[in-house]
Protein chains: 2
Amino acid sequence: MNVNKRVRRTPAESKSLILETAAKRLAELGLHGLNISGVAKAAGMSHATVIHHFGSTSAMREALLQQMTNALLSDVISALREDVSPDQILGRLFSMLSQDGHGRLLAWLALDHQDIDVLPAKSNTSELFKSIIQAIPNSSDTQGDAKLQVLLVATAAMGLSICGGALSDLIGLSDEEFAEFPKWLARHLRSFA
Amino acid sequence: MNVNKRVRRTPAESKSLILETAAKRLAELGLHGLNISGVAKAAGMSHATVIHHFGSTSAMREALLQQMTNALLSDVISALREDVSPDQILGRLFSMLSQDGHGRLLAWLALDHQDIDVLPAKSNTSELFKSIIQAIPNSSDTQGDAKLQVLLVATAAMGLSICGGALSDLIGLSDEEFAEFPKWLARHLRSFA
DNA sequence: ATACTTATCAACATGAATGTCAATAAGAGG
DNA sequence: CCTCTTATTGACATTCATGTTGATAAGTAT
């Protein structure tokens, strides 16, 4: 039949192809999609190749999280540099966290190895939150409020990305009401300050 | 050495022993602890016995969730019947969800088989939410607000039970500030109405 | 062309988790 | 004491994911 033709990529090409595929599978298949064999198959290579580039499965997943938080960080930072009004920042963060499986991936990592130190991209994420907190309108005596607001937004976004649909069903929200949730939350957060 | 002595329990005893052990392991070891072999070992029986009683691993986990949501439901219902003031109800729900791994178990179930229909205890949970929504003070034109508040509390509690500690670190909250979070949220929710 | 580096892959080894099955024994009821 | 039900178990089979290794070939440099 076909002679075995090998595609030989540069390491950078391979890595980005793999991570791209992994991200796609995360979005489509959920966290099940983030195993070596599946990703490799979807990327059109053998799983040994993936291990060759990343060293291990968990390293691959951490690289993916790294990449995703980097993207998130730069998104938020550019938003902060633009003329986005400060009271919209939390809304932005919220939607960014609940989209693209960011929240799900974070949650999965936290759930899987609950021995937390594994949380990678720590410095990045920390920087991200600092930027946001500084950008939130603070009255001087509600110093801590900004942090609590961020915590609320982060936890809610995470919970939403995991269980949002199911919870909405259980609570009895219509699709329209459910879709309004981020705006509703943003409105109330604005009134916090 | 020792003659093989078998303990013969009634099916009810076995089941409750297994679920008890599973709950303990969920709290101590996280979701990793919820595998057949581990639970069986910790309960002092062979894993075949566990399968004999529950039929499968996932059935055991669903039974555990069933039990936990039942406990949660009766807790909340008794709280509703007592003289708990309505504006404390969300706080109660919040703490109940973020304790004992309720949130983590729910999240794990949702993450694992994201094919949602597996969500068991649907009727129970649904009833739970209905009771709570009815108990929330509603102005007539903020009919939907109660539901959104519940959604906020549920998602935040879930996110908190998964990532709370890590997020708090990343955001830079002190332990005291972090501990204040539920009260802080409850205070603001009260002002929603 | 030749040699060298290394990305790629098939095959194998390993280990964990789940589930099945037939044999055993504990207890209940006759 | 005998019988019958069934909770319990060890051993086996299966599946799946991860990781290893030696061989192969694609591309680069000399």
Side-chain angles (χ1 to χ4, degrees), chain A residues 1-22 25-26 29-65 105 108-109 111-115 118, chain B residues 1-22 25-26 29-65 105 108-109 111-115 118:
Chain A
M1 313 292 282
N2 254 342
V3 180
N4 270 345
K5 273 200 177 184
R6 286 189 187 179
V7 196
R8 190 187 176 97
R9 288 162 278 249
T10 68
E13 280 172 348
S14 290
K15 283 192 178 183
S16 71
L17 170 60
I18 292 168
L19 289 184
E20 194 180 330
T21 310
R25 285 175 62 86
L26 173 66
L29 305 177
L31 303 147
H32 276 3
L34 286 192
N35 51 355
I36 289 252
S37 8
V39 171
K41 200 173 187 176
M45 60 185 68
S46 82
H47 79 279
T49 301
V50 178
I51 291 188
H52 170 73
H53 285 293
F54 288 97
S56 75
T57 307
S58 59
M60 179 199 71
R61 297 197 266 234
E62 289 174 15
L64 176 62
L65 181 64
L105 179 57
W108 175 84
L109 279 174
L111 284 174
D112 199 47
H113 13 243
Q114 62 170 358
D115 324 314
V118 193
Chain B
M1 316 286 283
N2 256 341
V3 181
N4 272 343
K5 274 202 175 181
R6 288 189 186 179
V7 197
R8 189 188 175 97
R9 289 160 278 249
T10 69
E13 279 171 346
S14 290
K15 283 192 178 183
S16 71
L17 171 59
I18 292 168
L19 290 185
E20 195 180 331
T21 310
R25 285 175 62 86
L26 174 66
L29 305 177
L31 303 147
H32 276 4
L34 286 190
N35 52 354
I36 290 252
S37 7
V39 171
K41 201 175 189 176
M45 59 184 69
S46 82
H47 80 279
T49 301
V50 178
I51 291 188
H52 169 73
H53 285 292
F54 288 97
S56 75
T57 306
S58 60
M60 181 198 70
R61 298 197 265 235
E62 289 173 15
L64 176 62
L65 182 64
L105 180 57
W108 175 83
L109 280 174
L111 283 173
D112 199 47
H113 14 243
Q114 60 170 357
D115 324 314
V118 193

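Below, read A as the first sequence line, B as the second, and so on, with proteins coming before strands; counting in each chain starts at 1.
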**Request:** For B:Glu13 and C:dG27, give me the distance from atom CD to atom C1', rounded to whole Å.
**Result:** 12 Å

**5' precedence on DNA chain D between B:Ala48 and B:Arg8 (nearest-nucleotide basis)** = B:Arg8

**Request:** Ignoring backbone atoms, establish whether A:His52 has a side-chain N or O less than 4.0 Å from OP1 or OP2 of C:dT8.
**Result:** no

**Message:** Measuring to OP1 and OP2 of D:dT18, would you say a side-chain N or O of A:Thr57 lies under 4.0 angstrom away?
**Reply:** yes

**Request:** Check every atom of C:dC9, D:dA11, D:dT8 against the side chain of B:His47 and return the nucleotide holding the closest atom.
**Result:** D:dA11

**Request:** Find the distance B:Ile51:CD1 to D:dA13:C1' and express it as a whole number of Å.
**Result:** 13 Å

**Asked** Rounded to the nearest 0.5 Å, how far does OG of A:Ser58 lie from CG of A:Leu34?
**Response** 12.0 Å

**Request:** Look up atom CG in A:Leu19 and atom CZ in A:Arg61, then write down how far apart they are to the nearest 0.5 Å.
**Result:** 13.0 Å

**Prompt:** Between B:Val7 and B:Asn35, who's closer to the 5' end of DNA chain C by nearest nucleotide?
**Reply:** B:Asn35

**Prompt:** For C:dA7, does OP1 or OP2 lie under 4.0 Å from any side-chain N or O of A:Thr49?
**Reply:** no

**Asked** Would you say B:Ser37 reaches C:dT18's phosphate, i.e. side-chain N/O to OP1/OP2 under 4.0 Å?
**Response** yes

**Request:** State, to 0.1 Å, how close A:Met45 and A:Arg9 come at their nearest heavy-atom pair, and which atoms those are.
**Result:** CE-NH2, 3.5 Å

**Message:** If you compare all heavy atoms of B:Ile51 against all heavy atoms of B:Ile36, which two are closest, and at what distance to 0.1 Å?
**Reply:** CG1-CD1, 3.7 Å

**Request:** Return the value, rounded to whole Å, for the distance between atom CE of B:Met45 and atom C1' of D:dT6.
**Result:** 15 Å

**B:Lys41 NZ - D:dG10 P separation (whole Å)** = 12 Å

**Item:** B:Thr21 versus B:Ala42, closest heavy-atom pair with distance
**Value:** CG2-CB, 3.5 Å

**Message:** Can you identify which nucleotide, out of D:dA7, D:dT9, D:dT18, has its nearest atom closest to the B:Pro11 side chain?
**Reply:** D:dA7

**Request:** Tell me what B:Ile36 touches on the nucleic acid: a base, only sugar-phosphate, or nothing, going by heavy atoms under 4.0 Å.
**Result:** sugar-phosphate

**Asked** Taking only side-chain nitrogens and oxygens of A:Ser56, does any of them come within less than 4.0 Å of OP1 or OP2 of D:dT18?
**Response** no

**Message:** Check this for me: does the side-chain of B:Arg9 come within 3.5 Å of the base of D:dT8 through a donor and an acceptor?
**Reply:** no

**Message:** From CE of B:Met60 over to P of C:dG19, roughly how many Å is that when rounded to an integer?
**Reply:** 10 Å

**Item:** Options C:dA26, D:dT18, C:dA10, nucleotide nearest the side-chain atoms of B:Arg6
**Value:** C:dA26

**Item:** Nearest-angstrom distance from the residue atom CG of B:Leu34 to P of C:dA17
**Value:** 12 Å

**Message:** Is the phosphate of D:dT8 approached by B:Ser14 (side-chain N or O, under 4.0 Å from OP1 or OP2)?
**Reply:** yes

